Asker: 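After the structure tokens below, expect a handful of questions from me.
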Amino acid sequence: MRGRVRTVANVTVKGPILKRLPRKLDVLEGENAVLLVETREAGVEGRWSRDGEELPATCQSSSGHMHALVLPGVTREEAGEVTFSLGNSRTTTLLRVKCVKHNPPGPPVLAEMFKGHKNTVLLTWKPPEPPPETPFIYRLERQEVGSEDWIQCFSIEKAGAVEVPGDCVPSEGDYRFRVCTVSEHGRSPHVVFHGSAHLVPTARLVAGLEDVQVYDGEDAVFSLDLSTIIQGTWFLNGEELKVNKPEGQVEPGALRYRMEQKGLQHRLILQAVKHEDSGALVGFSCPGVQDSAALTIQESPVHILSPQDKVSLTFTTSERVVLTCELSRVDFPATWYKDGQKVEESESLVVKMDGRRHRLILPEAEVRDSGEFECRTEGVSAFFSVTVQDPPVHIVDPQEHVFVHAITSECVMLTCEVDREDAPVRWYKDGQEVEESDFVVLENEGPHHRLVLPAAQPPDGGEFQCVAGEERAYFTVTITDVSSWIVYPSGKVYVAAVRLERVVLTCELCRPWAEVRWTKDGEEVVESPALLLQKEDTVRRLVLPAVQLEDSGEYLCEIDDESASFTVTVTESYQSQDSSNNNPELCVLLKRPKTRRLWSRFPPWRRSAGAE
């Protein structure tokens with residue numbers, strides 16, 4: 001079939017391309033495919049492509065009006081859509097490559113196995129009958145007994161005898177073999193050699209044993225890697241170690257061990273070694289490999305038994321603080337640090353060691369003792385976060401919302417009592433913290449805290465809070481602008497009396513604590529049995545128990561720039577009724593009914609936050 005040429009017919013149409021490609025072209029694999037196209041004009045250059053990829057110029061040729069594409073010895077990979085393009089005109093054909101059916105080669109014959117040599121096997125066979133027409137090779141495969149997988153060993157070109165050594169297998173075991181013939185037209189059936197052979201690979205040391213240093217009570221692990229999977233023997237101080245024994249069969253006091261093999265790696269684990277095991281010699285032996293290493297037991301490192309994690313502690317002032325760190329070794333030194341600095345012992349900080357336990361003691365903790373503490377020893381540390389805070393503050397008085405009413409220029413005092421003398425207190429007005437000034441005075445006297453407005457004005461009113469810790473006391477202050485101190489009388493009063501009668505002059509004020517000054521004819525009166533001065537709530541009285549003729553005169557009740565005026569006239573006897581009626585302003589003022597008002601009842605030096 002090789003060397004044959006398949007030529008195709010052409011279709012003549014109008015356009016730049018006169019003779020186009022056929023719709024499809026079938027070519028046997030290995031034949032030459034020739035495609036011809038004729039163009040209307042001579043000497044034009046067209047473009048050949050397959051599946052959109054331009055074909056190399058070496059496959060193309062043109063002469064005058066004719067354009068040819070030659071694909072020698074086509075394969076199945078060259079099948080596809082072949083297109084010739086000229087300007088906007090194109091012609092396409094589907095190139096199909098058909099396979100030529102070939103028979104695979106026959107199997108080898110007379111396959112035999114000979115096991116006459118140590119750790120090798122001799123395999124022989126004869127070529128197939130009849131011999132294949134095309135070149136071929138023999139493929140040899142192995143299978144470990146008990147496994148289902150066949151693995152290729154190697155390939156050879158000539159029949160005869162092949163010696164398979166133990167190094168050709170990955171691990172020690174019994175192996176079977178088979179052979180087949182392979183050519184470009186396929187593979188023959190396998191021929192299995194009768195029987196099996198025991199092969200042992202020659203091992204090489206890839207990673208040898210190394211000396212092991214462990215701490216008392218730990219496991220010591222010795223390991224090595226070989227170049228192949230093979231069994232070996234472990235030795236301890238020259239004595240061969242037997243296969244792992246069950247736990248119950250190990251002699252008391254004997255060193256426990258475990259042997260492991262995972263692929264190419266062999267391991268010996270000596271469990272919970274002790275100081276007396278230090279210096280032991282461990283060895284390993286297998287065909288082609290011998291290696292050994294020594295065991296050294298080190299003193300166990302110190303580690304922290306407790307606490308394992310960082311501890312956060314909160315205390316109140318004056319409490320006793322004890323931080324405890326327990327180590328794994330008795331009487332092993334440790335150092336305490338606070339905020340990264342080594343602590344120094346004093347009366348307020350004591351460091352103690354008792355066996356495994358190390359303690360840092362603060363007999364009476366203070367707020368300044370707060371910080372990060374560390375117990376450090378040989379690269380390990382225990383951490384403590386200590387917070388010392390004042391005990392919570394409680395407000396003793398007032399317990400309820402207090403309402404305070406005052407008038408302009410009056411002194412207002414808000415008092416808050418807490419349960420601790422050194423407790424900090426903050427005052428707020430309408431949500432803003434109060435700062436001391438000429439108009440606001442903040443006083444502290446032990447557990448008593450005061451906010452004083454010496455001369456209150458209407459803008460000074462508002463919502464006040466005394467804040468102590470998490471508690472608050474609330475005050476509502478109202479300042480009223482008062483135009484007059486004297487409520488009664490509103491005008492001048494005339495009093496007419498008969499000698500020895502009781503005369504009472506009454507003046508009512510707007511505040512109960514206000515002080516007045518009584519005068520007669522411009523001179524301040526002096527209290528005596530014959531002239532009494534009385535004060536009851538907001539009422540001020542001047543009483544003449546038995547009035548005399550000389551008591552007549554002009555009386556004034558004065559406060560600041562205001563005054564109430566009383567004209568008293570004393571006679572031996574009453575005038576006639578008609579004469580009295582002619583002077584309606586002349587009367588005897590005995591007592592004015594008292595009007596109840598809601599005012600602060602205490603003077604500035606006695607008024608407290610609880611005043612009504």
Side-chain angles (χ1 to χ4, degrees), residues 171 203-311 324-337 353-358 374-383:
S171 60
R204 291 181 293 101
L205 195 61
V206 176
L209 294 175
E210 294 183 355
D211 294 340
V212 174
Q213 292 184 349
V214 294
Y215 295 104
D216 184 21
E218 292 185 337
D219 292 349
V221 180
F222 294 85
S223 66
L224 56 81
D225 294 340
L226 302 179
S227 61
T228 186
I229 299 176
I230 189 174
Q231 295 181 356
T233 304
W234 287 97
F235 298 87
L236 180 61
N237 294 326
E239 295 185 7
E240 181 179 349
L241 297 179
K242 304 300 180 182
V243 181
N244 299 332
K245 295 181 180 181
E247 189 72 19
Q249 299 181 10
V250 178
E251 297 178 3
L255 180 62
R256 290 175 170 80
Y257 60 87
R258 187 173 70 254
M259 293 184 292
E260 296 178 352
Q261 180 181 356
K262 294 181 180 180
L264 303 176
Q265 187 181 69
H266 293 256
R267 297 206 315 164
L268 173 66
I269 299 99
L270 303 179
Q271 300 173 338
V273 294
K274 301 180 180 179
H275 281 291
E276 52 267 26
D277 298 322
S278 185
L281 187 64
V282 174
F284 178 85
S285 177
C286 70
V289 174
Q290 286 189 349
D291 199 7
S292 63
L295 171 65
T296 303
I297 308 299
Q298 295 179 328
E299 189 174 2
S300 300
V302 64
H303 58 275
I304 295 176
L305 299 180
S306 67
Q308 297 291 333
D309 301 318
K310 184 176 181 178
V311 178
T324 303
C325 177
E326 185 175 357
L327 305 182
S328 60
R329 292 170 61 179
V330 178
D331 297 333
F332 197 84
T335 306
W336 287 91
Y337 294 84
M353 180 176 66
D354 181 15
R356 301 177 186 271
R357 290 181 174 85
H358 293 257
E374 175 187 0
C375 179
R376 185 187 304 172
T377 176
E378 285 200 353
V380 292
S381 298
F383 297 94

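Predicted model only: the values in this text are computed from it and were never measured.
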Asker: Where do Ile269 and Arg267 come nearest, in terms of heavy atoms and distance?
Answerer: CD1-NH2, 4.0 Å
Asker: For Gln290, look at atom CD and say whether over 12 heavy atoms of other residues, nucleotides or ligands are found less than 6.0 Å away.
Answerer: no
Asker: Between CD of Gln271 and CD of Glu218, what distance do you get to the nearest 0.5 Å?
Answerer: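 It comes to 13.5 Å.
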Asker: Taking the side chain as every heavy atom from C-beta outward, state whether Leu327 and Leu305 have any pair of such atoms under 4.5 Å apart.
Answerer: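 The answer is no, as the side chains (C-beta and beyond) never meet within the 4.5 Å cut-off.
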Asker: Stepwise, does the side-chain contact (heavy atoms from CB on, under 4.5 Å) test hold for Phe222 with His266?
Answerer: CA-CA 8 Å; Phe222 294 85; His266 293 256; over 6 Å; no
Asker: Answer whether the closest heavy-atom distance between the side chains of Ile304 and Cys325 falls below 4.5 Å.
Answerer: yes
Asker: Hey, does the side chain of Asp291 reach the backbone of Leu209 with a donor-acceptor pair shorter than 3.5 angstrom?
Answerer: yes
Asker: How far does CH2 of Trp336 sit from OG1 of Thr377, to the nearest 0.5 angstrom?
Answerer: 11.5 Å
Asker: Give, for atom CD of Glu260 and atom CH2 of Trp234, the distance between the pair rounded to the nearest 0.5 Å.
Answerer: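 These two atoms lie 10.5 Å from each other.
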Asker: Distance from Lys262 atom NZ to Asp225 atom CG, nearest 0.5 Å?
Answerer: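 It comes to 12.5 Å.
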Asker: Do Phe383 and Asp309 have side chains that approach each other closer than 4.5 Å (heavy atoms only, starting at C-beta)?
Answerer: no
Asker: Are side-chain heavy atoms of Leu268 and Phe284 found at a separation under 4.5 Å?
Answerer: no
Asker: Ignoring hydrogens and angles, tell me if any N or O in the side chain of Asp211 forms a donor-acceptor pair with the backbone of Ala294 under 3.5 Å.
Answerer: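 Checked: pair present.
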Asker: Flag the pair Val289 / Leu226 as yes when at least one side-chain heavy-atom distance between them is below 4.5 Å, and no otherwise.
Answerer: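 Heavy-atom side-chain distance check passes, below 4.5 Å.
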Asker: Is there a side-chain contact between Val273 and Val214 (heavy atoms, below 4.5 Å)?
Answerer: yes
Asker: Identify, with sequence neighbours excluded, every residue that meets salt bridge (charged side-chain N to carboxylate O under 4.0 Å, His left out) alongside Lys310.
Answerer: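 Counting only residues at least two positions away or on another chain, Lys310 forms a salt bridge (charged side-chain N to carboxylate O under 4.0 Å, His left out) with Glu372.
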Asker: What pair of heavy atoms forms the shortest contact from Arg376 to Glu374, and how long is it?
Answerer: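 So the two residues come closest at NE-OE2, 2.9 Å.
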Asker: Show your working on side-chain contact (heavy atoms from CB on, under 4.5 Å) between Thr233 and Phe235 and close with a plain yes or no.
Answerer: CA-CA 7 Å; Thr233 304; Phe235 298 87; 3.7 Å; yes
Asker: Atom OG1 in Thr324, atom NE2 in His358: separation rounded to 0.5 Å?
Answerer: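 Thr324 OG1 to His358 NE2: 11.0 Å, rounded to 0.5 Å.
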Asker: Tyr337: what forms a ring-ring contact (aromatic ring centres under 6.0 Å, His included) with it, not counting sequence neighbours?
Answerer: none
Asker: Which pair of non-hydrogen atoms, one from Cys286 and one from Gly232, has the smallest distance, and what is that distance?
Answerer: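 Heavy-atom minimum between the residues: CB-CA, 3.9 Å.
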Asker: Do Leu295 and Leu270 come close enough that some side-chain heavy atom pair is under 4.5 Å?
Answerer: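 Yes; the side chains approach each other to less than 4.5 Å.
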Asker: Looking at Gln265, I'd like to know if its CD atom is crowded, meaning that more than 12 non-hydrogen atoms belonging to other residues, nucleotides or ligands lie closer than 6.0 Å.
Answerer: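 Yes, because the 6.0 Å sphere around CD of Gln265 holds more than 12 heavy atoms from other groups.
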Asker: Considering non-hydrogen atoms only, spot the tightest contact between Asp277 and Ile297 and give its length.
Answerer: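 Taking every non-hydrogen atom into account, C-CG1, 4.1 Å.
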Asker: Flag yes if more than 12 heavy atoms outside Arg357 fall under 6.0 Å of its CZ atom; otherwise flag no.
Answerer: no
Asker: For a quick test of reading the model, state the closest non-hydrogen atom pair linking Arg329 to Arg356 and the distance between them.
Answerer: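 Between these two residues, the closest heavy atoms are N-NH1, 3.7 Å.
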Asker: Would you say Glu239 has more than 12 foreign heavy atoms packed within less than 6.0 Å of its CD?
Answerer: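 For Glu239, atom CD is not crowded (no more than 12 foreign heavy atoms under 6.0 Å).
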Asker: Does Gln231 have more than 12 heavy atoms from other residues, nucleotides or ligands lying within 6.0 Å of its CD?
Answerer: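 It does not: Gln231 CD has 12 such atoms or fewer within range.
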Asker: Side chains of Tyr257 and Lys242: does their closest heavy-atom pair fall under 4.5 Å?
Answerer: yes
